[in-house]
Amino acid sequence: MNGQSLDGVDHRTHRAPSPPERPLDEAYERGHEDAVSVITGLCREMYRHGWVTGTGGGISVRQGDTVYMAPSGVQKERLRREDIFVLDRSGAVRHRPPNTALRVSQCCPLFMHAFQMRNAGACIHTHSQAAVLATLLPPTVAAGEFRMTHQEMIKGVPQHGYHDTLVVPVIDNTAQEEQLAASMAAAMRAYTRAPAVLVRRHGLYVWGRDYVQAKTVNECLDYLFEVACRMHAMGIDHTQVPPDCAECRQPK
Ligand SMILES: CSC[C@@H](O)[C@@H](O)C(=O)COP(=O)(O)O
Ligand SMILES: [Zn+2]
């Protein structure tokens, strides 16, 4: 698909021509329909988990050089197909919804980091309570990173095994979502193995090679964040190798 011929957007200003372009409909090829369905469907699913309530959070999907993204400030579980923005891989809007009041998600520059720096096929942003609470755990606050080891669900994170320590960097929240972009990029450069970035008192950005992997990793991480909080409440250190792990305690 060529963005210029699709919509005629002025790429210098990112402004749509007038009158507004046609909506996403049956005239679009199958690939576009699938990406849009993934966004609307997953947002509904994530809403049921309490991860994208109150208009917060969302998901963006990349197919080749085309990126699909929700508008800003709308209830993400009630997105309609025609509400979805289409961008190119540089983050320039190529097609906007017919409702000209809609603006692209404020998460745009953060989603673009996942696509540009990790070649991700999807990036999920949640306001999960487990993720928020994990950023406030004492060891996490002091270290600026969430650490956990010896949990089965760590195996759901690419390049991680049961005995590995999962490390997720934590960045400080800002007044506006877009202002997180620089510190998220710095964290991604510093933590090349991390599958995600936590935002203190805010939530999580997690990516994957496609939406299936991003969804899986998000679910594993959220489970781990919740377990870590509960372990902490029980007085158990989730960052330490358990003393009964024969494999880790054995002298080499
Ligand atoms: C409850 S408002 C939350 C937003 O400011 C922001 O954090 C967010 O995640 C969603 O931004 P949006 O621009 O609506 O896609
Ligand atoms: Zn947010």
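None of the values given here were measured: they were computed from a predicted structure. Values reported hereafter were calculated over all heavy atoms of this structure, with side chains retained and with hydrogens, waters and symmetry mates removed.
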Quick one: are H150 and V241 in side-chain contact, heavy atoms under 4.5 Å?
yes
Rounded to the nearest 0.5 Å, the CZ atom of R48 sits from the OG1 atom of T53 at a distance of 14.0 Å
*asked:* Count I, L, V, M, F, W, Y as connected when their side-chain heavy atoms are under 4.5 Å apart, and connections chain through other members. Are V206 and I154 then in the same cluster?
replied: yes
All heavy atoms of S60 vs all of M69, minimum pair found to be OG-CE, 3.5 Å
Review point. Is L204 linked to V227 within one hydrophobic cluster, defined over Ile, Leu, Val, Met, Phe, Trp and Tyr using a side-chain heavy-atom separation of less than 4.5 Å?
Key: yes
> Above 12 or not: heavy atoms from other molecules or residues under 6.0 Å from CD of Q129?
Replying inline: no
Sorted by chain and number, sequence neighbours left out, side chain to side chain donor-acceptor pair (under 3.5 Å) with R118 holds for none
*Taking it one step at a time, do T100 and L102 satisfy side-chain contact (heavy atoms from CB on, under 4.5 Å)?*
CA-CA 5 Å; T100 53; L102 295 177; over 6 Å; no
Residues passing the side chain to side chain donor-acceptor pair (under 3.5 Å) test with Q240, sequence neighbours excluded, are none
Counting C-beta onward and ignoring hydrogens, is there a side-chain heavy-atom pair between M46 and K76 closer than 4.5 Å?
no
**Prompt:** If we only count heavy atoms from C-beta on, is the I124 to Y205 side-chain gap below 4.5 Å?
**Reply:** no
When rounded to the nearest 0.5 Å, the distance separating CD of Q151 from CE of M231 is 5.5 Å
Closest non-hydrogen atoms of V104 and F85, given as atom of the first, atom of the second and distance, are N-CZ, 3.4 Å
Residues at least two apart in sequence or cross-chain that pass salt bridge (Lys or Arg N to Asp or Glu O under 4.0 Å) with E226, listed by chain then number, are R230
Report all side-chain donor-acceptor pairs from residues 185-197 shorter than 3.5 Å, counting only partners two or more places apart or in another chain.
from : atom 1 : to   : atom 2 : distance (Å)
Y191 : OH     : E145 : OE1    : 2.5
R193 : NH2    : Q159 : O      : 2.8
R193 : NH2    : D164 : OD2    : 3.3

Q.
Show, in sequence, the C-alpha distance, side-chain angles and deciding distance for C43 and I59, and conclude whether the side-chain contact (heavy atoms from CB on, under 4.5 Å) test is met.
A. CA-CA 7 Å; C43 278; I59 175 173; 3.8 Å; yes
For M153, the side chain to side chain contact (heavy atoms under 4.5 Å, CB included) test, sequence neighbours excluded, returns C220, Y223, L224
Contacts of P109 meeting side chain to side chain contact (heavy atoms under 4.5 Å, CB included) (sequence neighbours excluded), chain-then-number -> E178, A181
NE2 (H113) and SG (C108) are apart, to the nearest 0.5 Å, by 10.0 Å
For T140, the side chain to side chain donor-acceptor pair (under 3.5 Å) test, sequence neighbours excluded, returns none
A side-chain contact here means heavy atoms from C-beta on lying under 4.5 Å apart; do R80 and T40 qualify? no
A131 and L198 have their tightest heavy-atom pair at O-CD2, 3.7 Å
Review point. Going hydrophobic residue to hydrophobic residue with side-chain gaps under 4.5 angstrom, can you get from M117 over to V217?
Key: yes
(Q) With a 4.5 Å cut-off on side-chain heavy atoms, are V157 and L221 touching? (A) yes
To the nearest 0.5 Å, atom CE of M148 lies from atom CG of L137 at 9.0 Å
Notebook entry, point to check: Does V67 reach the side chain of V61, with side-chain heavy atoms less than 4.5 Å apart?
Noted result: no
Contacts satisfying salt bridge (charged side-chain N to carboxylate O under 4.0 Å, His left out) that involve residues 52-69 (not counting sequence neighbours) are D65-R89
In this structure, NE2 of H49 is separated from OG of S128 (nearest 0.5 Å) by 10.0 Å
task = Compare all side-chain heavy atoms of T216 with those of N218 and state whether any distance is below 4.5 angstrom.
result = no
If the threshold is 4.0 Å, N to carboxylate O, is there a salt bridge linking K215 and E45? yes
Those residues at least two apart in sequence (or on a different chain) that pass side chain to side chain contact (heavy atoms under 4.5 Å, CB included) with T165 are R147, T149, V167
Heavy-atom nearest pair, P158 first then Q213, reads CG-NE2, 3.5 Å
Return yes if some donor-acceptor pair links the side-chain N/O of Q179 with the main-chain N/O of Q176 below 3.5 Å, else return no. yes
Give a yes or no answer on whether the side chain of T135 reaches the backbone of R201 with a donor-acceptor pair at less than 3.5 Å. yes
Residues at least two apart in sequence or cross-chain that pass ring-ring contact (aromatic ring centres under 6.0 Å, His included) with H238, listed by chain then number, are F146
Scanning both residues in full, the closest heavy-atom pair of G121 with F115 reads C-CE2, 4.0 Å
By side chain to side chain donor-acceptor pair (under 3.5 Å), Y211 pairs with (sequence neighbours left out) none
Tightest non-hydrogen contact, residues E177 and L110, listed as O-CD1, 3.3 Å
query: Under 4.5 Å between side-chain heavy atoms, hopping through other hydrophobics if needed: is there a path connecting L87 to L79?
result: yes
Sorted by chain and number, sequence neighbours left out, ring-ring contact (aromatic ring centres under 6.0 Å, His included) with H127 holds for H125, H202
CG (L42) and CH2 (W51) are apart, to the nearest 0.5 Å, by 10.0 Å
*Do R200 and V141 have side-chain heavy atoms sitting under 4.5 Å apart?*
yes
### Task
Determine whether V199 and L136 fall in the same hydrophobic cluster, where Ile, Leu, Val, Met, Phe, Trp and Tyr are linked whenever their side-chain heavy atoms lie under 4.5 Å apart.
no
